[in-house]
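Working notes, beginning with the structure itself.
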Protein chains: 2
Amino acid sequence: MSDLLAIGAVAEATGVSVSTLRYYDQIKLIAPTGRVGGKRRFDPASIGRINFVRRAQATGFSLEEIRAILDDSDGNWNEMVADKLAALRSQRGELDVTIRMLEEVSHCGCQVVAECPRLPGPC
Amino acid sequence: MSDLLAIGAVAEATGVSVSTLRYYDQIKLIAPTGRVGGKRRFDPASIGRINFVRRAQATGFSLEEIRAILDDSDGNWNEMVADKLAALRSQRGELDVTIRMLEEVSHCGCQVVAECPRLPGPC
DNA sequence: GTACAACCTCGACCTCACTTGAGGTCAAGG
DNA sequence: CCTTGACCTCAAGTGAGGTCGAGGTTGTAC
């Protein structure tokens with residue numbers, strides 16, 4: 001009658017710990033389909049959603065943002081994803097700047113970055 | 001005699017708040033040159049270091065990592081930067097995966113991402 | 001000589017994403 | 001009957017990176 005999953009099975013299927021799953025339920029990110037004898041029962045489709053959560057998290061989305069994307073019914077998530085993409089690109093640009101800055105410092109002959117008197121200007 | 005700066009001047013020059021500068025002093029990330037009447041006095045070169053901190057932070061380094069780079073005397077920071085670059089690249093890859101996943105979902109005709117029965121598989 | 005801004009310390013508090021611990025329930029197996 | 005294991009709740013703790021407020025001092029201006 002039920003192909004619903006216990007929390008432990010979901011944890012095993014997703015690699016997410018049981019306590020994290022309870023936490024996700026608590027913050028209403030991933031809710032179980034129902035309860036049997038007080039115990040959470042999850043639809044197998046939850047596994048897909050949880051995988052989505054982890055993947056989105058890995059790309060820099062907060063749980064709040066992820067919930068907004070999951071629950072969005074107006075197509076706004078396209079915009080959110082675009083924003084995040086822009087943020088990541090900007091972060092990449094920052095890295096490039098930092099690397100160049102460090103390269104400059106390394107050409108200074110300074111033993112220690114903190115002691116370089118030419119931070120962050122050109123050497 | 002002293003072209004040393006008060007904490008407020010440093011805050012203004014860097015855009016970092018006074019309380020954050022005190023915090024940086026507390027965690028020994030950016031120390032004042034000395035004290036005059038109990039008040040912190042900063043070398044103008046601190047501004048460069050603080051700018052470096054913010055820039056490194058923006059690219060994803062933690063304050064601990066930044067301190068390690070600043071204080072490094074063995075050339076290990078090159079490696080740290082390379083590691084961070086790799087991490088950023090991997091993050092970018094994750095974003096690409098997420099975007100593709102969301103595009104798949106959007107072609108499903110699902111109103112709400114959370115309700116798509118095909119997460120995270122192909123539509 | 002007193003007002004005022006800018007500084008000081010110390011400890012508490014905040015957000016995020018969890019983890020941990022104490023104490024309790026429930027069904028199956030020996 | 002008793003243990004084991006998987007589950008439950010609720011509260012508190014963690015760590016990063018700060019912020020805030022109370023209460024106190026310092027230095028300059030009028």
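Scope of the values below: all heavy atoms of this structure, side chains included, with no hydrogens, waters or symmetry mates. Quick note on labels: first sequence line is chain A, next is B, and so on, each numbered from 1.
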By the definition side chain to side chain contact (heavy atoms under 4.5 Å, CB included), identify the one residue from A:Leu5, A:Ile30, A:Val16 that meets it with A:Ile47. A:Leu5

Expressed in angstrom and rounded to an integer, what is the separation of [X] atom [atom1] from [N] atom [atom2]?
| X | N | atom1 | atom2 | result |
| --- | --- | --- | --- | --- |
| A:Ile27 | D:dC10 | CD1 | C1' | 17 Å |
| A:Phe42 | D:dC7 | CZ | C1' | 12 Å |
| B:Leu21 | D:dG17 | CG | P | 16 Å |
| B:Asp25 | D:dG17 | CG | P | 17 Å |
| B:Leu29 | D:dA16 | CG | P | 13 Å |
| B:Leu63 | D:dG18 | CG | C1' | 9 Å |
| A:Gln26 | C:dT20 | CD | C1' | 14 Å |

For [N], does OP1 or OP2 lie under 4.0 Å from any side-chain N or O of [X]?
| X | N | value |
| --- | --- | --- |
| A:Gln57 | C:dC18 | yes |
| B:Thr20 | D:dT19 | yes |
| B:Ser19 | D:dT19 | yes |
| A:Arg22 | D:dA6 | no |
| B:Tyr23 | D:dA16 | no |
| B:Arg35 | D:dT25 | no |

Which part of the nucleic acid, if any, lies within contact of B:Ile7, taking any heavy atom under 4.0 Å across all strands shown: a base, the sugar-phosphate backbone alone, or nothing? sugar-phosphate

Which comes earlier along DNA chain D counting from the 5' end, the contact point of B:Ser62 or that of B:Lys39, where each point is its nearest nucleotide?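 Per heavy-atom nearest nucleotide, the more 5' residue is B:Ser62.
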
Please tell me which of A:Gly8 and B:Gly38 maps to the more 5' nucleotide of DNA chain D, matching each residue to the nucleotide holding its nearest heavy atom.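 Its nearest nucleotide being more 5', the pick is A:Gly8.
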
Counting C-beta onward and ignoring hydrogens, is there a side-chain heavy-atom pair between A:Leu63 and A:Gln57 closer than 4.5 Å? yes

What I'd like to find out is whether the side chain of B:Asp43 reaches to under 4.5 Å of the side chain of B:Asp3, using heavy atoms alone. no

If only atom types and distance count, is the side chain of A:Asp72 paired as donor or acceptor with the main-chain N or O of A:Trp77 below 3.5 Å? yes

